[in-house]
Enquirer: 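Sharing a structure here in structure tokens format.
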Amino acid sequence: MRTFSLHFYLKPQKARKDGTVPIYARIILDKKRVEIATKRHILPAEWDKKREAPTGRKAADRELASFLEAFRTKAFHHYQQLNYKDDSFTIHELKGAILGIRPSNSKTFMEVFRYHNDRMRELVGKDYAKGTLTRFETAQKHLQAFLAHQYQIEDIFLDKLNLGFINDYDHYLRSVRGIGNNTTVKYIACTKKIVLLAIENGWLEKDPFTGYKGRLRTVDRGFLEPEELEAIRSKHFHTPRLSVVRDIFLFACYTGLAYSDVSKLKEDDLVLAVDGQRWIHLNRTKTDTKSYIPLLPQAQELIEKYRNHPESQIKGTIFPIRTNQKMNAYLKEIADLCGITKRLTFHIARHTFATTVTLSNGVPIESVSAMLGHKDIKTTQHYAKIVQRKVGDDMKALQEKLSGKKDKDPKIRKIS
């Protein structure tokens with residue numbers, strides 16, 4: 001175990017003409033010592049040698065005392081950082097860290113994270129969606145909190161990262177933060193991108209993620225059954241705001257567009273295709289992939305309904321859409337009024353389009369994948385599994401129903 005201490009003392013031999021003398025910090029590491037000038041001065045009569053602090057109580061004395069305490073805290077912080085990074089560091093490396101001097105090629109994890117997010121922030125709306133930046137900013141906050149919780153430090157040098165660190169971070173997200181598996185894996189993926197950025201720039205040699213096993217688990221995406229969709233469609237709302245939100249939600253159910261895409265949909269995104277039908281042509285906000293969606297009559301009717309809406313005309317969009325947060329809050333009201341017990345969010349509309357509207361009605365999965373703008377058809381295949389399972393459940397219910405009838409009706413016999 002290494003020993004570390006810091007003491008403040010005066011150097012009378014370097015007194016200035018006004019009688020004040022400089023305050024120095026003596027760093028002792030394993031019986032070796034170095035001196036650091038604090039660049040602060042004080043009259044010897046106003047210095048408490050035992051307390052290593054000014055004796056006065058004036059504003060200037062309080063400010064000096066606060067400065068020295070902050071200096072001590074910073075020195076101890078750097079000692080902890082270096083000790084965790086490499087417990088063989090020298091006292092001169094510690095001094096350099098306290099003075100802000102370090103090797104030109106050394107980088108810290110949070111430094112590279114900030115560098116990445118700052119550059120991403122400049123490209124929001126061009127190469128990245130706002131939601132992507134938000135996810136990386138949240139991942140940065142989680143990592144910062146993890147460093148403080150696990151190691152009582154604010155940052156860590158890149159070359160200290162290893163598989164144990166990654167696994168500890170994974171465990172922290174799941175246990176301390178209570179984050180589910182898939183969200184944890186996504187935050188870890190953000191962190192890995194930062195690591196790869198550091199490797200690409202020559203700031204890190206070895207990938208600490210080698211051997212890390214984090215896998216997304218298949219989850220059932222909520223969607224509306226045909227009768228639930230019809231309940232929302234046919235419901236009469238006395239409140240105009242709920243009617244508007246309902247209509248925009250239905251439009252997403254009939255087109256598969258996510259909130260970010262519906263909110264920016266403009267007249268220019270509607271084109272007349274070679275088949276004489278109107279289509280939506282746009283780049284998905286989330287993935288920047290192209291989506292080509294033929295407009296169903298239900299979707300076309302909703303477009304015409306809001307074509308001259310004042311808010312739409314002011315914004316230059318097809319629909320007078322609210323923020324995603326407000327839309328989801330209003331959808332909760334709509335679900336309650338329609339007797340739907342599912343947690344209704346705007347994104348359920350996209351899942352409903354994939355399952356109830358298209359796949360369940362025989363639309364080929366390749367076509368559904370293209371309309372959803374999926375880069376990989378494997379993403380769409382999950383919806384197909386949901387539909388298959390629904391068919392299986394329905395058939396199972398039918399079997400149970402027939403089995404029950406067999407006991408009551410002798411005319412029904414088992415089919416061999």
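Computed from a predicted structure; not experimentally measured. Along the sequence shown, residues are numbered consecutively beginning with 1.
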Enquirer: Between the main-chain N or O of G202 and the side-chain N or O of E205, is there a donor-acceptor pair closer than 3.5 Å?
Expert: no
Enquirer: I'd like to know if the side chain of N328 and the backbone of T345 have a donor-acceptor N/O pair within less than 3.5 Å.
Expert: no
Enquirer: State, yes or no, whether a side-chain contact exists between H41 and P22 at a heavy-atom distance under 4.5 Å.
Expert: yes
Enquirer: Using a cut-off of 6.0 Å, state whether more than 12 heavy atoms not belonging to Q325 lie near its atom CD.
Expert: no
Enquirer: Nearest 0.5 Å, please: how far is CG in L123 from OH in Y128?
Expert: 6.5 Å
Enquirer: Just how far is it from atom OG1 of T356 to atom CD of E230, taken to the nearest 0.5 Å?
Expert: 12.5 Å
Enquirer: Does the side chain of I166 reach to within under 4.5 Å of the side chain of L161, using non-hydrogen atoms?
Expert: no
Enquirer: When rounded to the nearest 0.5 angstrom, what is the spacing between NZ in K186 and CD1 in I179?
Expert: 12.0 Å
Enquirer: Taking the side chain from S360 and the backbone from V357, do they hold a donor-acceptor pair closer than 3.5 Å?
Expert: no
Enquirer: Can you classify the ring geometry of H281 versus W279 as parallel (below 30°), tilted (30 to 60°) or perpendicular (above 60°)?
Expert: perpendicular
Enquirer: Check whether the ring centres of F165 and F146 lie less than 6.0 Å apart, and answer yes or no.
Expert: yes
Enquirer: Any heavy-atom pair between the side chains of T317 and K264 that's under 4.5 Å?
Expert: no
Enquirer: Keeping K342 on the side-chain end and F223 on the backbone end, is there a donor-acceptor pair under 3.5 Å?
Expert: yes
Enquirer: Parallel, tilted or perpendicular, judged at 30° and 60°: which one describes the rings of F136 and H116?
Expert: tilted
Enquirer: Taking the six-membered ring for Trp and the full ring for Phe, Tyr or His, determine whether the centres of W203 and Y115 are under 6.0 Å apart.
Expert: yes
Enquirer: Taking side chain as C-beta onward, heavy atoms only, is L94 less than 4.5 Å from I27?
Expert: yes
Enquirer: Less than 6.0 Å separating the ring centroids of F319 and F251?
Expert: yes
Enquirer: What pair of heavy atoms forms the shortest contact from F346 to L257, and how long is it?
Expert: CE2-O, 4.2 Å
Enquirer: With rounding to the nearest 0.5 Å, note down the distance linking CG in N162 to CZ in F209.
Expert: 11.0 Å
Enquirer: Counting only N and O atoms by type, is there a donor-acceptor contact under 3.5 Å from the side chain of N201 to the main-chain atoms of L197?
Expert: yes
Enquirer: Any sub-3.5 Å donor-acceptor pair from D336's side-chain atoms to E333's backbone N or O?
Expert: no
Enquirer: Search all heavy atoms of L133 against all heavy atoms of M120 and return the closest pair with its distance.
Expert: CA-SD, 3.7 Å
Enquirer: Is it the case that R40 places NZ or CZ above or below the six-membered ring of F67, under 6.0 angstrom from the centre and within 45 degrees of the axis?
Expert: yes
Enquirer: State whether the side chain of Q81 and the backbone N or O of D155 hold a donor-acceptor pair below 3.5 Å, judged by distance alone.
Expert: yes
Enquirer: In Å, rounded to the nearest 0.5 Å, how long is the span from CD1 of I91 to NZ of K31?
Expert: 13.5 Å
Enquirer: For residues E304 and Q300, is any side-chain donor paired with an opposing acceptor at under 3.5 Å?
Expert: yes
Enquirer: Any salt bridge between K58 and D61, counting N to O under 4.0 Å?
Expert: no
Enquirer: Should we say atom NZ of K141 is surrounded by more than 12 heavy atoms from elsewhere, each under 6.0 Å from it?
Expert: no
Enquirer: For a quick test of reading the model, state the closest non-hydrogen atom pair linking H142 to Y169 and the distance between them.
Expert: CB-OH, 3.4 Å
Enquirer: Using 4.0 Å as the upper bound for N to carboxylate O, is an ion pair formed by E35 and K95?
Expert: no
Enquirer: Can you establish whether the number of heavy atoms outside K332 located under 6.0 Å from its atom NZ is more than 12?
Expert: no
Enquirer: Kindly indicate whether the side chain of P208, heavy atoms from C-beta on, has any atom under 4.5 Å from the side chain of L163.
Expert: no
Enquirer: Show your working on salt bridge (charged side-chain N to carboxylate O under 4.0 Å, His left out) between D118 and R121 and close with a plain yes or no.
Expert: CA-CA 5 Å; D118 288 343; R121 191 172 294 107; 2.8 Å; yes
Enquirer: With a 6.0 Å cut-off on ring centres, are H347 and Y259 close enough?
Expert: no
Enquirer: A side-chain contact here means heavy atoms from C-beta on lying under 4.5 Å apart; do L344 and F249 qualify?
Expert: yes
Enquirer: Grab the two heavy atoms, one from V368 and one from V363, that are nearest each other, plus how far apart they are.
Expert: CG2-CG1, 3.7 Å
Enquirer: Would you find more than 12 non-hydrogen atoms of other residues, nucleotides or ligands less than 6.0 Å from Y212 atom OH?
Expert: yes
Enquirer: Under 6.0 Å from the ring centre and within 45 degrees of the ring axis: does the NZ or CZ of R26 meet both conditions for the six-membered ring of Y9?
Expert: yes
Enquirer: Do the side chains of K74 and E154 get close enough for a salt bridge, i.e. N-O under 4.0 angstrom?
Expert: no
Enquirer: Any sub-3.5 Å donor-acceptor pair from R33's side-chain atoms to I28's backbone N or O?
Expert: no
Enquirer: According to the salt bridge (Lys or Arg N to Asp or Glu O under 4.0 Å) rule, which pairs have a member within residues 315-328, sequence neighbours left out?
Expert: E311-R322
Enquirer: Can you tell whether the side chains of R119 and E122 come within less than 4.0 Å, N to carboxylate O?
Expert: no
Enquirer: Would you find a donor on one side and an acceptor on the other, under 3.5 Å apart, between the side chain of S312 and the backbone of N308?
Expert: no
Enquirer: Work out which heavy atom in I232 is nearest to a heavy atom in R246; give both atom names and the distance.
Expert: O-NH1, 2.9 Å
Enquirer: Do Q313 side-chain atoms and P310 backbone N/O form a donor-acceptor pair below 3.5 Å?
Expert: no
Enquirer: Heavy atoms only: give me the nearest R72-L6 pair and the separation to one decimal.
Expert: NH1-O, 2.9 Å
Enquirer: Can you tell if the side chain of L337 reaches within under 4.5 Å of the side chain of L242, non-hydrogen atoms only?
Expert: yes
Enquirer: Is the number of heavy atoms from other residues, nucleotides or ligands within 6.0 Å of NZ (K32) greater than 12?
Expert: no
Enquirer: Looking at CG of D168 and NE2 of H149, how far apart are the two atoms once the value is rounded to the nearest 0.5 Å?
Expert: 11.0 Å
Enquirer: Can D170 and R174 be counted as an ion pair, charged N to O under 4.0 angstrom?
Expert: yes
Enquirer: Taking the six-membered ring of F89 as reference, does the cationic atom of R2 (NZ for Lys, CZ for Arg) lie under 6.0 Å from its centre and within 45° of its axis?
Expert: yes
Enquirer: Answer yes or no: is there a side-chain heavy-atom contact under 4.5 Å between Y330 and R241?
Expert: yes
Enquirer: Above 12 or not: heavy atoms from other molecules or residues under 6.0 Å from CZ of R343?
Expert: no
